[in-house]
There are 2 protein chains.
Amino acid sequence: MTRRIPQARDRGIPDATVARLPLYLRALNGMAERGVATVSSEDLALAAGVNSAKLRKDLSHLGSYGTRGVGYDVQYLIYQISRELGLTQDWAVAIVGVGNLGRALANYGGFATRGFRIAGLLDADPQVVGERIAGLVVEHADELESVIKKRGVSIVVIATPATAAQQVCDRVIAAGVTSILNFAPVVLAVPDGVDVRKVDLSIELQILAFHEQRKANGGPIMAEEWPDGVVM
Amino acid sequence: MTRRIPQARDRGIPDATVARLPLYLRALNGMAERGVATVSSEDLALAAGVNSAKLRKDLSHLGSYGTRGVGYDVQYLIYQISRELGLTQDWAVAIVGVGNLGRALANYGGFATRGFRIAGLLDADPQVVGERIAGLVVEHADELESVIKKRGVSIVVIATPATAAQQVCDRVIAAGVTSILNFAPVVLAVPDGVDVRKVDLSIELQILAFHEQRKANGGPIMAEEWPDGVVM
DNA sequence: TCGACTTTGTGCACAGCTTCACAAACAAAC
DNA sequence: GTTTGTTTGTGAAGCTGTGCACAAAGTCGA
Ligand SMILES: NC(=O)c1ccc[n+]([C@@H]2O[C@H](COP(=O)([O-])OP(=O)(O)OC[C@H]3O[C@@H](n4cnc5c(N)ncnc54)[C@H](O)[C@@H]3O)[C@@H](O)[C@H]2O)c1
Ligand SMILES: NC(=O)c1ccc[n+]([C@@H]2O[C@H](COP(=O)([O-])OP(=O)(O)OC[C@H]3O[C@@H](n4cnc5c(N)ncnc54)[C@H](O)[C@@H]3O)[C@@H](O)[C@H]2O)c1
């Protein structure tokens, strides 16, 4: 029942590699803008913040696109990575929950530039519905299924309160969506074949706090027991 | 030079475990609110969306806090995980860059509840400086060092445009900060001992697009070459 | 006190990822 | 054509994380 998604093993690209390809792509685009024609694995790795051997192995999963003694052709590699990631086509994205976060996402220009087109904004609050944000009119959450089907939405961003997230999730999956980006602090239950990626800012801060504490104390304090006054 | 941060290996908690502790904590808090007194690894694992053996192994790194035949005391475990993560103390957080995203973060109530207190909002735009957001007045980015020192800021959130991120990063590190949460789409260069966690929405979408494409085509299309008209 | 039952904590095998190190491949110069 | 120099692609080793499976440790009822 709680089977994990082995995904991406289809014809072989490791998940860890897939997660880094966008990083390489970004570095390559920066180089292309600066007119760089070819780049060595060493330089590209530096720009992407990874080990050069890892970079080469990652790229080798896509094919043999480098030239020994020279490096990689920047434009060609951009094309190959884009194709592998599916960025040569446009993706219609819907944002459900147009509050603080949903608004920020809708107003953000950085998505369209990578082939992610915001095709719908949905909210349950009548006060928000009808509002115009970034050239789109917010629609009522009741229209969810119809918006998804009508506009060919294949990726849904959930930015509702945690309490509504699972319900929204169930509905978009029923409507045929299999890719979800979740900002609500809940573990979404989804059937096999559906990909959920979560962005959880509280968790990130808590991980930072852990390391920060470790840095402050030279190791964990030896107060393993309950503090005074706390009963078990 | 590009040495990785082995961090957290100090007295042994694996990084993967640290990343999951906040998840357990969240599930436990939900249970505590519903009045649950004890919980088995099986049930907690289900709530957190992980394997129960993994959960037990994770918790075993903190100590032997369970009772065989019974499970874990919810309150006690909440306390132990909180302590391990450093959440028994308050952390002062500053947000640099009060645009779309910075505003959403400042207005978000979910941080304060976990001991992360927003202690400063900073922006370089004179139009934004002076604005009051979530009870705080936005200060000028020039005040960065002074705000950090005066208010004991130990975690900085960077929500500036990508072009300003590295510069802001350098300044906060010079001011003594060693924990950074970065939203700008750049790989920040930092010295050893500084922890950077990044949240990159474009990358998340690109990973989803990759899997979505794989699901659409039953495997990758066999057009490995350049499309017509593209020259190398 | 004892035995039946439950659940933890962990040894172990394995799967995946990272890194090193180097042969093979190619370019360029002569 | 040969040599010199550079950089890729990858075998192999090591490391980290996962999950099974089970003994040990505890509860609880009789
Ligand atoms: N704002 C942040 O910086 C931040 C940070 C971390 C996590 N989050 C999480 O992201 C989510 C959104 O945060 P926010 O600050 O934008 O919250 P918000 O309350 O400002 O916005 C939520 C929006 O969702 C709408 N909504 C509620 N139920 C809905 C439904 N069933 N269908 C469609 N829309 C619905 C509400 O009307 C509201 O407009 C929350 O789960 C929050 O925990 C936000
Ligand atoms: N908004 C989103 O949903 C979103 C999504 C993904 C990534 N991002 C990234 O997050 C960052 C912020 O995004 P945004 O939409 O809020 O951008 P924004 O342009 O709305 O806000 C950026 C703010 O930073 C301020 N700023 C610029 N230089 C500064 C400096 N040196 N010191 C302090 N403040 C400075 C600007 O005045 C502005 O107010 C960007 O890097 C963006 O790429 C945003």
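Treat the numbers as computed from the prediction; the structure is a model and nothing was measured.
The CG atom of A:Leu59 sits 13 Å away from the C1' atom of D:dT10 (whole-angstrom rounding). For the pair A:Ile13 CD1 and C:dG16 C1', the computed distance is 16 Å after rounding to whole Å. Rounded to an integer number of Å, the gap from NE2 of B:His61 to P of D:dT16 is 12 Å. Rounded to whole angstrom, the span from the CZ atom of A:Arg20 across to the P atom of C:dG16 amounts to 15 Å. The separation between A:Tyr65 atom OH and D:dT8 atom P is 16 Å, rounded to whole Å. Distance A:Leu55 CG to D:dG9 C1': 12 Å, rounded to the nearest Å.
Within the structure, a side-chain polar atom (N or O) of A:Tyr72 is placed less than 4.0 Å from OP1 or OP2 of D:dG9. Here B:Asn51 does not reach the OP1 or OP2 of D:dG17: none of its side-chain N or O atoms lies under 4.0 Å away.
Between B:Leu62 and B:Ile81 the shortest side-chain heavy-atom distance falls below 4.5 Å. A 4.5 Å side-chain heavy-atom check between A:Asp58 and A:Tyr24 finds at least one atom pair inside the cut-off.
Here A:Asn100 pairs with nothing under the side chain to side chain donor-acceptor pair (under 3.5 Å) rule; sequence neighbours left out.
For the pair A:Glu42 and A:Arg56, the salt-bridge criterion is not met [side-chain N within less than 4.0 Å of a carboxylate O]. In summary, A:Arg26 and B:Asp200 engage in a salt bridge, as defined by a charged side-chain N under 4.0 Å from a carboxylate O.
In this structure, the side chain of A:Asn29 engages the main chain of A:Leu25 through a donor-acceptor pair within 3.5 Å.
The aromatic ring centroids of B:Tyr72 and B:Tyr65 lie 6.0 Å or more from each other.
Residue B:Phe111 holds its CZ atom at 4.5 Å from CG of A:Leu201, rounded to the nearest 0.5 Å.
Using a 4.0 Å cutoff on non-hydrogen atoms, the parts of residues 24-45 of chain B near DNA chain C are B:Ser40, B:Ser41, ordered by number.
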* Structure fact -> 5' to 3', nucleotides 21-30 of chain C under a 4.0 Å protein heavy-atom cut-off (B base, S sugar-phosphate only, - none) gives B--BBBS---
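Heavy atoms of B:Ser64 sit under 4.0 angstrom from primed sugar atoms or phosphate atoms, though from no base atom.
Of the candidate nucleotides C:dC17, C:dT19, D:dG9, D:dG9 has the atom nearest to the side chain of A:Ser60. For A:Lys54, whose side chain is taken as the heavy atoms from C-beta onward, the closest listed nucleotide among D:dT18, C:dC17, C:dT19 is C:dT19.
Interface remark: the B:Lys57 side chain does form a donor-acceptor pair with the D:dG19 base, using a distance-only criterion of under 3.5 Å.
Contact record, A:Leu44 with A:Ala27: CD1-CB, 3.8 Å, taken as the closest heavy-atom pair.
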